[in-house]
Number of protein chains: 2
Amino acid sequence: MVNKALENAMDFDPNETPTGKYRAGKIRDRNLTNIVKAAEEEFVQHGYRGTSIQAIADRAQIPKANVHYYFKSKSNLYIAVLDNLIHLWNNFFDEITEKDDPAVVLDEFIRKKVELSYTHPRASKLFAMEIVQGAPHLKDYIRTEMRQWVRRKAAVIDTWIEQGRMANVDSMQLIFLIWSSTQHYADFDTQVLTIMNRAEYEPDMIRDISDFLSQLILRGCGLEPPARPAPQTALDDADA
Amino acid sequence: MVNKALENAMDFDPNETPTGKYRAGKIRDRNLTNIVKAAEEEFVQHGYRGTSIQAIADRAQIPKANVHYYFKSKSNLYIAVLDNLIHLWNNFFDEITEKDDPAVVLDEFIRKKVELSYTHPRASKLFAMEIVQGAPHLKDYIRTEMRQWVRRKAAVIDTWIEQGRMANVDSMQLIFLIWSSTQHYADFDTQVLTIMNRAEYEPDMIRDISDFLSQLILRGCGLEPPARPAPQTALDDADA
DNA sequence: CATAAACCTGACTATTTAGACAAAATTGGT
DNA sequence: ACCAATTTTGTCTAAATAGTCAGGTTTATG
């Protein structure tokens, strides 16, 4: 359980991890992973209500009753999946301070966010579905942890603006802009890829997208793109 | 039926409009409107599979069998709702030419898109859900009409770039950026409002959002914001 | 190898679902 | 008032659903 907000939101009490001899079997872990992954896929494609345990079980290639053995209920499994997602998000982004260079921080943030969308498209989509539907399970999380997170970042950006180190833009809106534009490539991949007549993303495209977004947004903030380490060669590491 | 792509996608054959005396009754229209609106709300909140005809009927305050009278099937009703949505979109955006001023066109596009998100949040969200879920019903539409639409716009932007009238940016990515950033305020309204600690959008906020996005994106494209008519006073119309 | 805990699973139940249908009610024109 | 087309609605059905449960199987350890 990563966040308390979720804990209160529902009767989350996953079937207790066994305490005896079995407590950490390979099979158990594999099953749990399979179920959660299958659940993610089904929930993304059909929503919470539209997903049946049977479908999840089929996808995970285990009997339906087995899913109920590991997770008491459907809502339970869903919360577990969401919790994974929040965990992922929380661990991915560092804190920043006013001493950092705005251009470097924003550039890194954009690139990390695009990368996250690329490496974890299911998580991104599931989160999107939750929010679009009115965040029935994540409202508390947004009101508490997420709001604080945004306020901390916004405060730093405001300091940069006061110090004249970047253009005077609404810091919160800037964060929303970065969120929306980066996430779009994961959440709306079907639309983007179909319009671009591609089957799937490739590393090249991801780099192009990151470059485009970073360039345009930084320029929009009156910033010069930071010097980026040359790709591939990790030789020149020393800073001088 | 606005687009052929949808027509082929499913067995769309709405219960034939009666030809006799009843053909265009007030009651019929009111019922149809109520059902479609209720359906939009339910489909957004619970997805296609997660929505029951009963719930739609309850929301529209008519018996369930009545919904089936107006729309043969659930999938039928869904298609009708999506069709409304496409219609709305198609009628909202004008064509542009290379003779237009890039700053004016982009500024207008951004503002119109924000406005559309504000006035039709349900439509925006429903579209988002469809795409996130892999566009099972809209894939053809995206591949044909939408792709062409994007290509036309992108071609004009490319001409502007060749003529040195704006910075050299990837035109398609620019369109995606505008889409994503504007739609975000409708689709993720729960998140945005909760983080900003507001209950709902107000005209002021919408103006601020439009100003922010227009400013930042235009600056990112190396453009100066166009002279905008002063709000409220529509007196000074003459151009000199 | 004995045993107890952990795990697996087929069969069952109560509820909800989309859709069908027939009989009733309403409508507008004659 | 009468009629035929249109609209309304209660009732029925077959399929799918989440969750239960009892009994069987596997596993680690003494």
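Everything numeric in this text was worked out from a predicted model, so none of it was measured. Reminder, nothing fancy here: chain letters follow the sequence lines and each chain counts from 1.
- In this structure, the side chains of A:Asn34 and A:Gln61 stay at 4.5 Å or more apart for every pair of heavy atoms.
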(request) Begin with the C-alpha distance, continue with both residues' side-chain angles, and end with the deciding distance and a verdict on side-chain contact (heavy atoms from CB on, under 4.5 Å) for B:Tyr185 and B:Leu213. (result) CA-CA 11 Å; B:Tyr185 290 93; B:Leu213 289 178; 4.0 Å; yes
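- Remark: C1' of D:dT8 and CD of B:Gln61 are 16 Å apart, rounded to the nearest angstrom.
- Rounded to whole Å, atom P of C:dC8 lies 13 Å from atom CZ of A:Phe71.
- What separates CG of B:Leu32 from C1' of D:dT7 is a distance of 12 Å, to the nearest Å.
- A salt bridge is absent between B:Lys64 and B:Asp58; no separation between the charged side-chain nitrogens and carboxylate oxygens falls under 4.0 Å.
- Legend: residues meeting ring-ring contact (aromatic ring centres under 6.0 Å, His included) with B:Phe43, ordered by chain and number and at least two apart, are B:Tyr48, B:Tyr78.
- For the pair B:Asp29 CG and D:dT7 P, the interatomic distance rounds to 10 Å; values are reported in whole Å.
- For A:Arg28, a side-chain nitrogen or oxygen approaches OP1 or OP2 of C:dC7 to under 4.0 Å.
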What protein N or O atoms touch nucleotides 14-22 of chain C N or O atoms at under 3.5 angstrom, if any, and at what distances?
unit_1 : atom_1 : unit_2  : atom_2 : d
C:dA18 : OP1    : B:Thr51 : O      : 3.2
C:dA18 : OP1    : B:Ile53 : N      : 3.0
C:dA18 : OP2    : B:Ile53 : N      : 3.1
C:dA18 : N7     : B:Lys64 : NZ     : 3.2
C:dG19 : OP2    : B:Lys74 : N      : 2.7
C:dG19 : N7     : B:Lys64 : NZ     : 3.0
C:dG19 : O6     : B:Lys64 : NZ     : 2.8

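- In this pair, A:Phe188 and A:His184 present their aromatic rings parallel. The plane angle is below 30°, not in the 30 to 60° band.
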(message) Pair B:Phe109, B:Phe93 - check ring-ring contact (aromatic ring centres under 6.0 Å, His included), show working.
(response) CA-CA 8 Å; B:Phe109 181 44; B:Phe93 295 109; 5.3 Å; yes
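- In this structure, B:Tyr69 does not reach the D:dT8 phosphate: none of its side-chain N or O atoms is under 4.0 Å from OP1 or OP2.
- Phosphate contact (OP1/OP2 of C:dC8, side-chain N/O of A:Asn31, threshold under 4.0 Å): present.
- Distance CG (B:Asn66) to C1' (D:dT6): 12 Å, rounded to an integer number of Å.
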